[in-house]
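Quick note on labels: first sequence line is chain A, next is B, and so on, each numbered from 1. Excluded from the calculations below are hydrogen atoms, water molecules and symmetry mates; all remaining heavy atoms, backbone and side chain alike, are included.
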Number of protein chains: 2
Amino acid sequence: MARKRFDDSNCSVARALNEVGDWWSLLIVLHAMYGTRRFVDFQQQLGIAKNILCDRLSKLVDNEVLRKVEAGEHGSRFEYRLTEKGRDLFPVVVALRQWGDKWNPAPDGEQLDLRDRATGQPIQPVSVRNSDGEPLTIRDVLVADDLKAAKNTG
Amino acid sequence: MARKRFDDSNCSVARALNEVGDWWSLLIVLHAMYGTRRFVDFQQQLGIAKNILCDRLSKLVDNEVLRKVEAGEHGSRFEYRLTEKGRDLFPVVVALRQWGDKWNPAPDGEQLDLRDRATGQPIQPVSVRNSDGEPLTIRDVLVADDLKAAKNTG
DNA sequence: CGAATAGGGTTGCATTATGAAACCAATTTG
DNA sequence: CAAATTGGTTTCATAATGCAACCCTATTCG
């Protein structure tokens with residue numbers, strides 16, 4: 001039957017996955033972050049079917065992750081550019097990429113090489129930090145959100 | 001035709017999405033982080049079909065994100081627990097959750113409430129940082145990885 | 001100008017994944 | 001022992017995916 005949707009889930013991770021949680025959407029966002037803007041370039045770089053790319057781009061536009069901008073003088077040529085909401089996925093993409101590099105390194109050992117434009121130095125691993133800036137593991141935090149509350153009270 | 005796979009992609013994000021990039025896997029990891037360990041609990045909390053849950057759990061075990069542990073005395077009762085690789089997805093999940101809370105807040109305004117167990121203080125937003133610990137936006141970094149190299153030299 | 005090409009998109013169709021429910025075997029619980 | 005739990009497989013209808021083939025509108029090339 002229908003793939004389950006999470007539009008009205010009370011879990012924000014589920015709602016987030018509803019927008020960028022399929023195979024292609026996050027890769028499209030990734031390539032947009034690398035500078036890709038044109039339909040044809042997305043298609044060639046990702047090796048994605050055109051109808052699926054159409055579908056994903058329009059959904060990303062609907063969800064305000066991308067916006068569609070006329071690029072040609074007379075219309076009929078467009079660019080898809082990240083919105084602030086889309087750019088805000090930067091930590092997600094970088095964290096996922098670092099995880100992939102760490103646990104599923106490429107055969108050739110190719111790693112993420114993101115550098116501070118100002119200093120040329122590599123960036124740090126993305127981590128969860130407390131209010132003092134100290135890195136925290138999952139064991140160092142407590143969850144006091146709706147899910148936990150539901151489990152305790154229900 | 002077949003859903004496209006990225007096992008041997010030279011992009012680590014694609015390889016990462018191959019392991020946790022479907023609708024359910026990351027939600028399973030999320031609930032595992034909240035403490036869920038049993039098949040039935042995952043099923044009830046996620047509202048997932050049993051066959052799909054079987055499939056996802058075994059794939060996550062194959063990919064060493066979870067490990068399957070005998071919980072009953074005589075077998076036939078199991079727990080699925082996060083490995084170090086699985087726990088290492090913590091920043092990804094938290095970043096995604098914060099993004100969801102920021103841009104698609106729940107109708108009731110429910111937010112992520114993760115706190116430092118030691119101090120009780122809320123955690124910081126996950127961000128990308130340079131070697132000095134300063135937060136960086138996507139405009140502050142340069143990408144010097146394989147994809148960019150391929151675009152420059154190709 | 002006319003033809004070819006490129007960009008963006010839609011349509012058909014075969015293949016695959018998904019979800020609900022039924023069914024199963026082993027193990028607890030009462 | 002009977003009934004319920006747990007973890008899992010099977011069956012089947014439906015939805016999503018990928019490929020190829022078209023379509024339409026510019027733009028470029030001869």
Side-chain angles (χ1 to χ4, degrees), chain A residues 1-9 14 17-28 31-32 35-63 65-81, chain B residues 1-9 14 17-28 31-32 35-63 65-81:
Chain A
M1 284 194 108
R3 165 173 287 176
K4 191 164 254 186
R5 312 240 77 135
F6 300 102
D7 312 85
D8 53 355
S9 168
L17 289 175
N18 214 33
E19 299 197 348
V20 294
D22 68 279
W23 293 83
W24 289 117
S25 295
L26 207 60
L27 287 178
I28 291 172
H31 280 249
T36 304
R37 290 174 178 174
R38 303 285 291 279
F39 185 95
V40 191
D41 294 332
F42 282 115
Q43 201 204 326
Q44 292 180 350
Q45 291 171 20
L46 293 168
I48 184 177
K50 288 167 80 174
N51 51 351
I52 305 296
L53 180 58
C54 274
D55 180 71
R56 291 305 184 282
L57 285 174
S58 63
K59 278 180 183 164
L60 287 169
V61 169
D62 286 347
N63 291 328
V65 173
L66 297 176
R67 66 179 201 279
K68 188 173 182 175
V69 183
E70 291 202 7
E73 349 268 317
H74 314 78
S76 122
R77 202 143 301 196
F78 307 98
E79 286 185 356
Y80 295 88
R81 312 186 65 157
Chain B
M1 287 194 105
R3 164 173 287 178
K4 191 164 257 187
R5 311 240 80 134
F6 301 101
D7 312 85
D8 53 355
S9 168
L17 289 175
N18 214 35
E19 299 195 348
V20 294
D22 68 279
W23 292 84
W24 290 116
S25 296
L26 208 60
L27 287 178
I28 291 172
H31 280 248
T36 304
R37 292 175 177 174
R38 302 287 290 280
F39 186 95
V40 191
D41 295 332
F42 282 115
Q43 200 205 328
Q44 292 179 351
Q45 290 172 20
L46 292 168
I48 182 176
K50 289 167 79 175
N51 52 350
I52 305 296
L53 180 58
C54 274
D55 180 72
R56 292 304 184 281
L57 286 174
S58 63
K59 279 180 182 163
L60 287 169
V61 170
D62 287 346
N63 291 328
V65 174
L66 298 176
R67 67 180 200 279
K68 187 173 183 175
V69 183
E70 290 201 7
E73 349 269 318
H74 313 79
S76 127
R77 205 142 298 197
F78 307 98
E79 287 185 357
Y80 295 88
R81 311 187 64 156

**OP:** Send over the distance from Leu53(A) CG to dT17(D) P, rounded to a whole Å.
**Re:** 13 Å
**OP:** Please report, rounded to the nearest Å, how far the C1' atom of dT9(D) is from the CZ atom of Arg56(B).
**Re:** 16 Å
**OP:** Could you tell me whether Phe42(B) contacts a base, only the sugar-phosphate backbone, or nothing, with contacts defined as non-hydrogen atoms closer than 4.0 Å?
**Re:** nothing
Subject >> Side-chain donor/acceptor of Ser25(B) to backbone N/O of Gly21(B), under 3.5 Å >> reply: no
**OP:** Give the nucleotide from the list dC19(D), dA20(C), dG8(C) with an atom nearest to the side chain of Ala49(A).
**Re:** dC19(D)
Original post:
Nearest-Å distance, CD1 (Ile52(B)) to C1' (dG7(D))?
Top reply: 16 Å
Original post:
Under 4.0 Å between a side-chain N or O of Lys59(B) and OP1 or OP2 of dA17(C)?
Top reply: no
Subject >> Nucleotide dT5(C), atom P - distance to CZ of Arg77(A) in whole Å >> reply: 15 Å
Subject >> Protein-nucleotide distance (Phe39(B), atom CZ; dT28(C), atom P), rounded to Å >> reply: 18 Å
Subject >> Rounded distance in Å - CG (Asp55(B)) to P (dG7(D)) >> reply: 17 Å
**OP:** Could you work out which one of dA20(C), dG8(C), dG7(D) sits closest to the side chain of Arg38(A)?
**Re:** dG8(C)
**OP:** Walk me through it: do Val20(B) and Ile28(B) pass the test side chain to side chain contact (heavy atoms under 4.5 Å, CB included)?
**Re:** CA-CA 9 Å; Val20(B) 294; Ile28(B) 291 172; over 6 Å; no
Original post:
Between Ile48(B) (CD1) and dA20(C) (C1'), how many Å, whole number?
Top reply: 13 Å
**OP:** Please state how far atom NZ in Lys50(B) lies from atom C1' in dC12(D), giving the value in whole angstrom units.
**Re:** 17 Å
Original post:
Quick one: does Tyr80(B)'s side chain get under 4.5 Å of Arg67(B)'s, heavy atoms only?
Top reply: no
Original post:
When you measure from the side chain of Asn51(A), which nucleotide among dG19(C), dG7(D), dT10(C) comes out closest?
Top reply: dT10(C)
Subject >> Atom pair CD/CG of Gln43(A) and Leu53(A) - distance to nearest 0.5 Å >> reply: 6.5 Å
Original post:
Among the nucleotides dG7(D), dT9(D), dG19(C), which one has an atom lying closest to any side-chain atom of Tyr80(B)?
Top reply: dG7(D)
